[in-house]
Amino acid sequence: MSDEALLFTLPNLLRQPQEKIRALQDRLLRETIELCYRSHPYYSKLMRREGLEPRHVQNCDDLRRLPPTSKHDFLADPDAFRVNPEDLPPEQGTLWKVIYTTGTTSGKPAPIYVAAHDHFAYLYVCATRQELIGLNSNDRLANLFPLTSFPMGAYARAPDEIAAVGASIFFAQTGRSDASFPVHRTLDEAVQAIERHHATVLWGIAGFVRRVLMRAQERSADFSSVRMVMITGEASSSAMRDDLRRRMRDLCCADTKITNRYGSTEQGASMVECQDGAGFHSLAPDQVFHEVVDPQTGERLADGQTGMLAFTHLMRRGTLLLRYQVGDVVSLTNHTCPHCGRTSVRITSQPVRSGDIVKIKGTLVNLQVLKERLDRFPMLDEYQIVVQPVNSDDPFSMDELVIRVAAAPGEAGDIGVRITEEATKLVHVRPRIETAARDDIYDPLVAAKPRRVLDRRPPRD
């Protein structure tokens with residue numbers, strides 16, 4: 001078997017020497033750059049504007065010649081990031097489906113075009129790399145992603161992954177109710193469906209999965225068939241994962257395995273932890289190249305340095321992105337994982353949303369640290385961190401930090417005092433505590449995920 005064939009035979013790819021993986025990435029990148037120069041509206045213009053030709057970008061190190069692509073660049077004109085399908089053979093360029101990510105400049109969801117080639121590439125990853133993810137053909141998966149008004153990436157991709165594995169799936173179909181077509185189900189119906197179908201795996205956004213488990217506890221539901229929870233869509237601290245395991249134990253689940261996944265609709269293939277806290281391994285180094293860049297200069301940073309995560313598609317034929325900044329601050333390593341021996345690049349720090357680092361009363365505050373601490377309060381059902389003006393009518397008002405909390409039944413007590421003390425020690429800003437009902441903070445039938453941080457401050461020059 002040739003070295004190239006070996007790279008596409010798993011589990012070998014994720015354990016190959018780095019130089020072999022990089023050689024494969026370099027070859028695929030050359031093909032991608034040629035394609036972009038010829039058939040990609042945005043990057044064709046960008047390369048010509050920068051005075052670049054394909055000969056200037058021959059490997060992953062040469063990517064530094066290209067400026068990073070921001071979310072703003074993509075959201076301003078998502079169609080400009082689609083490879084011209086007329087320049088591709090039908091088996092590659094035919095549109096398979098369109099999924100969406102939120103937030104164009106007009107407020108409309110941004111389309112991600114999935115070509116036939118991209119769809120089969122995703123199936124390939126799902127079918128061949130389950131030794132890291134942990135699904136098997138006997139599983140019955142509960143898709144707990146919400147049914148939104150547009151095809152959300154995770155909701156639409158879940159059946160693809162299950163089809164590739166050969167398992168079975170059902171849909172909880174929760175989400176914001178539509179008066180015209182009342183097809184959504186309640187949280188209680190989601191819990192009942194898990195019982196009825198004897199689900200073995202629950203997959204959804206971490207905050208929503210937690211609410212499903214909470215409701216199952218309140219109903220004394222039979223979750224004894226559940227062996228694993230897969231979470232994605234929002235950062236989950238070790239305390240949050242411990243909370244999920246505790247609830248799974250209370251429900252007498254078959255096992256308490258948590259598969260922690262990191263990804264984005266734009267990227268496609270996920271990154272997955274081999275064990276709790278080990279870092280997120282790239283599942284598809286043959287399809288995506290990852291790097292960390294300085295958010296100000298766009299310069300690539302060395303292993304272990306903290307900066308903005310960026311990725312480059314190596315095999316896409318629909319929406320294709322180069323050096324795309326996801327919006328998360330991380331550090332990466334290319335060293336072999338000491339826990340599992342895999343060699344694919346992995347994120348070694350907890351991803352922090354760039355919006356979670358804010359200035360309050362002149363103090364730079366990392367709200368991710370505060371979220372992790374609040375996750376450790378077992379007496380909290382829900383919480384939300386709010387940064388807002390003290391006086392909303394005063395354009396020059398001082399800012400304040402507000403923590404909205406919903407205590408678990410019978411746990412109110414001195415929770416406000418305790419949270420105030422803990423928060424002040426952590427972020428050096430004294431918060432104001434507001435109590436609220438848990439559904440007022442996060443209603444799982446209205447919002448796709450909990451909004452843990454809310455910045456209500458008006459834009460300032």
Side-chain angles (χ1 to χ4, degrees), residues 130 132-136 138-146 154 158 161-162 165 167-172 174 185-262 270 272-278 280 339 350 371-372 374-383 406-411 438 442 444 449-450 452:
Q130 285 302 323
L132 179 54
I133 297 172
L135 290 171
N136 64 65
N138 295 318
D139 276 320
R140 295 177 299 280
L141 184 135
N143 182 352
L144 298 179
F145 294 107
E161 182 153 346
I162 295 305
V165 175
S168 58
I169 185 172
F170 66 90
F171 294 74
T174 59
R185 302 190 185 104
T186 66
L187 187 61
D188 280 356
E189 288 175 313
V191 170
Q192 291 164 7
I194 291 167
E195 290 185 284
R196 184 170 64 253
H197 292 290
H198 305 290
T200 61
V201 179
L202 312 182
W203 189 10
I205 295 163
F208 182 77
V209 173
R210 179 172 180 265
R211 288 296 290 273
V212 168
L213 294 175
M214 289 170 62
R215 189 61 184 138
Q217 288 175 296
E218 292 165 357
R219 290 175 53 89
S220 299
D222 180 3
F223 273 29
S224 59
S225 61
V226 176
R227 69 173 188 86
M228 179 169 74
V229 161
M230 293 199 299
I231 50 175
T232 189
E234 64 172 341
S236 63
S237 65
S238 60
M240 163 74 88
R241 298 190 294 276
D242 286 344
D243 180 85
L244 295 176
R245 291 189 190 94
R246 176 177 63 81
R247 296 181 188 280
M248 292 173 77
R249 284 193 297 270
D250 289 348
L251 286 163
C252 298
C253 290
D255 200 351
T256 58
K257 178 177 173 60
I258 305 287
T259 296
N260 194 17
R261 303 174 64 147
Y262 170 83
S270 297
V272 181
E273 285 193 317
C274 63
Q275 68 177 55
D276 206 41
F280 296 93
H339 305 284
Q350 175 70 32
K371 287 193 290 184
E372 291 177 1
L374 291 171
D375 283 341
R376 294 187 182 279
F377 276 86
M379 66 288 293
L380 270 185
D381 273 0
E382 291 292 351
Y383 69 86
E411 295 287 354
R438 70 185 186 189
Y442 167 50
K449 66 179 77 173
R452 296 296 184 203

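What's counted below: heavy atoms across the whole structure, side chains too, no hydrogens, waters or symmetry copies.
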Can you tell me how far the CG atom of L132 sits from the CD atom of Q275, to the nearest 0.5 Å? 11.5 Å

Could you check whether R452 makes a cation-pi contact with Y383, meaning its NZ or CZ is under 6.0 Å from the centre of the six-membered ring and within 45° of the ring axis? yes

Of all heavy-atom pairs between F280 and R261, which one has the smallest distance, and what is that distance? CE2-C, 3.9 Å

side-chain contact (heavy atoms from CB on, under 4.5 Å), that's the test. Do F145 and I205 meet it? Break it down for me. CA-CA 7 Å; F145 294 107; I205 295 163; 4.0 Å; yes

Verdict with reasoning, D188 to R215, per side-chain contact (heavy atoms from CB on, under 4.5 Å): CA-CA 7 Å; D188 280 356; R215 189 61 184 138; 2.5 Å; yes

Do T232 and M230 make a side-chain contact, defined as non-hydrogen atoms from C-beta onward lying under 4.5 Å apart? no

Checking side-chain contact (heavy atoms from CB on, under 4.5 Å) for the pair D139/V165: CA distance, chi angles, key distance, verdict? CA-CA 9 Å; D139 276 320; V165 175; over 6 Å; no

For R227 versus L135, what's the shortest heavy-atom pair and its separation? NH2-CA, 4.0 Å

Closest heavy-atom pair, T174 versus T186, reported as atoms and distance to 0.1 Å, is CG2-O, 3.9 Å

Out of curiosity, H198 NE2 to S225 OG, how far, rounded to the nearest 0.5 Å? 7.0 Å

Are any of the side-chain heavy atoms of D276 and I258 separated by less than 4.5 Å? no

K371/D375 ion pair, N-O < 4.0 Å: no

With rounding to the nearest 0.5 angstrom, report the CD to NE2 distance, E273 to H339. 9.5 Å

Mind listing the closest non-hydrogen atom pair of P409 and D381 along with its distance? CD-OD2, 3.8 Å

Are T256 and R246 close enough that a side-chain donor and a side-chain acceptor fall under 3.5 Å? no

Looking only at non-hydrogen atoms, find the nearest pair between L144 and A172 and report the distance. CD2-CB, 3.7 Å

Heavy-atom pair with the smallest gap, counting every atom of G134 and M228: O-CE, 3.8 Å

Treating K449 as the side-chain partner and E234 as the backbone partner, does any N or O pair qualify as donor plus acceptor under 3.5 Å? no

Side chains of T200 and N138: closer than 4.5 Å at any heavy-atom pair? no

Is D250 salt-bridged to R247, going by a charged N under 4.0 Å from an acidic O? no

Heavy-atom donor-acceptor pair, R211 side chain to Y442 backbone, under 3.5 Å: yes

Quick one: side-chain contact (heavy atoms from CB on, under 4.5 Å) partners of S236, sequence neighbours excluded? A206, I231, M240, R241, N260

What's the separation between atom CG in L202 and atom CG in N143, rounded to the nearest 0.5 Å? 11.0 Å

Distance col, row D243:CG vs L213:CG, nearest 0.5 angstrom, shows 8.5 Å

Are any of the side-chain heavy atoms of E161 and I133 separated by less than 4.5 Å? yes

Nearest-0.5 Å distance, CD of residue E195 to CD of residue Q192: 7.0 Å

Determine, for R438 against E218, whether the closest basic-nitrogen to carboxylate-oxygen distance falls under 4.0 angstrom. yes

I194/F170 under side-chain contact (heavy atoms from CB on, under 4.5 Å): CA gap, chis, key distance, verdict: CA-CA 9 Å; I194 291 167; F170 66 90; 4.2 Å; yes

Salt bridge (Lys or Arg N to Asp or Glu O under 4.0 Å) partners of E189, counting only residues at least two apart: none

